[in-house]
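The structure appears below as structure tokens.
FYI, side chains are in, hydrogens and waters are out, and symmetry mates aren't considered; it's all heavy atoms of this structure. Throughout, protein chains are lettered first and strands after them, A, B, ... in sequence-line order, and every chain is numbered starting at 1.
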Protein chains: 2
Amino acid sequence: MSDDLDYDSPVPLFQQLADLLRAQIDAGVITVRVPAELTLTQRYGVSRGTAHRAVMILVADGYARISRGKGTFVIPADQR
Amino acid sequence: MSDDLDYDSPVPLFQQLADLLRAQIDAGVITVRVPAELTLTQRYGVSRGTAHRAVMILVADGYARISRGKGTFVIPADQR
DNA sequence: AGTGATTTGTGCGTATGTATG
DNA sequence: CCATACATACGCACAAATCAC
């Protein structure tokens with residue numbers, strides 16, 4: 001699993017990051033908490049807007065649930 | 001009421017989106033909050049710039065009021 | 001009870017690249 | 001060549017919910 005993003009790819013960064021996080025969830029690398037947007041910002045070298053958009057894709061896909069002020073949490077596979 | 005945008009139309013996307021949102025306000029589909037720019041981005045498949053420009057048209061028409069950091073809110077018909 | 005830190009929600013301004021006419 | 005429209009992306013500021021102390 002590639003752990004960084006390709007700035008030259010035609011695929012948008014926010015989509016790449018969403019795909020990456022989803023793969024990590026599927027692989028059991030991320031189990032409970034999705035890293036905070038600020039963490040994603042630092043870990044993957046993207047802006048917060050890009051991180052936020054990626055996380056929203058996870059939510060739309062049923063992979064995560066956001067709780068404002070608390071964080072973003074993985075939805076177990078048997079609940080989606 | 002058509003709920004999506006026509007990419008082949010000569011009418012710019014931001015104008016189509018503004019018309020759509022205004023129609024939804026008139027129809028009472030949108031009553032209090034105008035969806036966030038990021039939400040519009042995902043729902044209608046447009047960029048944030050396009051969403052923002054559409055919302056600004058609503059503001060210019062007296063249909064909405066923007067509060068930075070909070071959101072965009074519908075102005076009731078009897079107040080415009 | 002209160003204050004500051006953390007985290008997400010939302011909007012603003014700007015830059016860059018692509019496509020179209 | 002130039003203007004317009006659009007998408008992506010960055011960085012920022014402010015708002016609000018929650019948490020830690």
Rounded off to whole Å, could you give me the CD1-to-P distance for the B/Ile66 and C/dT10 pair? 14 Å
Heavy atoms under 4.0 Å, any strand shown: does B/Phe73 hit a base, just sugar-phosphate, or nothing? nothing
The reported gap from CZ in A/Arg33 to CD1 in A/Ile30 (rounded to nearest 0.5 angstrom) is 11.5 Å
Whole angstroms only, please: what is the CZ-P distance between A/Arg65 and C/dT8? 12 Å
Atom pairs, N/O to N/O, protein against nucleotides 16-21 of chain D, distance under 3.5 Å?
unit_1 : atom_1 : unit_2  : atom_2 : d
D/dA16 : O4'    : A/Arg68 : NH2    : 2.8

Please assess A/Leu21 against A/Tyr63 for the test side-chain contact (heavy atoms from CB on, under 4.5 Å), listing each intermediate value before the final yes or no. CA-CA 10 Å; A/Leu21 293 174; A/Tyr63 271 69; over 6 Å; no
Can you figure out which of D/dC6, C/dT10, D/dC10 approaches the side chain of B/Ala36 most closely? C/dT10
I need the CD-C1' distance between B/Gln16 and D/dC6, as an integer number of Å. 13 Å
What pairs with B/Asp4 under side chain to side chain donor-acceptor pair (under 3.5 Å), at least two apart in sequence or on another chain? B/Ser2
Please say yes or no: joined through hydrophobic side-chain contacts below 4.5 Å, possibly via intermediate residues, are B/Ile25 and B/Val32 part of one cluster? no
Distance check needed: C/dT6 P versus A/Arg33 CZ, whole Å only. 13 Å
Starting at atom CD of B/Gln15, determine the distance to atom P of D/dC6, rounded to an integer number of angstrom. 10 Å
Which residue pairs satisfy the salt bridge (Lys or Arg N to Asp or Glu O under 4.0 Å) criterion with at least one member in residues 11-24 of chain B, sequence neighbours excluded? B/Asp19-B/Arg22, B/Arg22-B/Asp61
If a pair satisfies side-chain hydrogen bond (donor to acceptor under 3.5 Å, both in side chains) and one of its residues is in residues 50-59 of chain B, list it, with sequence neighbours excluded. B/Glu37-B/His52, B/Ser47-B/Thr50
Report which part of the nucleic acid A/Gly71 touches: base, sugar-phosphate, or nothing (heavy-atom distance under 4.0 Å, all strands). sugar-phosphate
Between A/Phe14 and B/Phe14, just flag the one whose closest nucleotide in DNA chain D comes earlier from the 5' side. B/Phe14
Cluster companions of B/Val11 among Ile, Leu, Val, Met, Phe, Trp, Tyr (side-chain spacing under 4.5 Å): none
List, by chain and then residue number, the residues other than B/Leu38 in its hydrophobic cluster (Ile/Leu/Val/Met/Phe/Trp/Tyr, side-chain heavy atoms under 4.5 Å); write none if there are no others. A/Met56
Reckon B/Thr72 has a side-chain N or O less than 4.0 Å from the OP1 or OP2 of C/dG11? yes
Let's see if you get this right: which residues in residues 37-48 of chain A place a heavy atom under 4.0 Å from DNA chain D? A/Gly45, A/Val46, A/Ser47, A/Arg48
In numerical order, the residues of residues 52-63 of chain A whose heavy atoms come under 4.0 Å of DNA chain D are A/Arg53
Listed by chain and number, what are the salt bridge (Lys or Arg N to Asp or Glu O under 4.0 Å) partners of B/Arg65, not counting sequence neighbours? none
With sugar-phosphate taken as primed atoms, P, OP1 and OP2 and all else as base, the protein-contact string of nucleotides 16-21 of chain C at under 4.0 Å (heavy atoms; B, S, -) is ------
In this structure, how many angstroms lie between the C1' atom of D/dA7 and the CG atom of B/Leu5, rounded? 14 Å
Members sharing A/Ile57's hydrophobic cluster, built from side-chain contacts under 4.5 Å between Ile, Leu, Val, Met, Phe, Trp and Tyr, are A/Phe14
Rounded to the nearest 0.5 Å, what's the gap from CZ on B/Arg48 to CG on B/Leu40? Could you check? 11.5 Å
Let me have the donor-acceptor pairs involving side chains of residues 72-80 of chain B, under 3.5 Å, with sequence neighbours excluded, atom names and distances please.
unit_1  : atom_1 : unit_2  : atom_2 : d
B/Arg80 : NH1    : B/Ile75 : O      : 2.7
B/Arg80 : NH2    : B/Asp26 : OD1    : 3.4

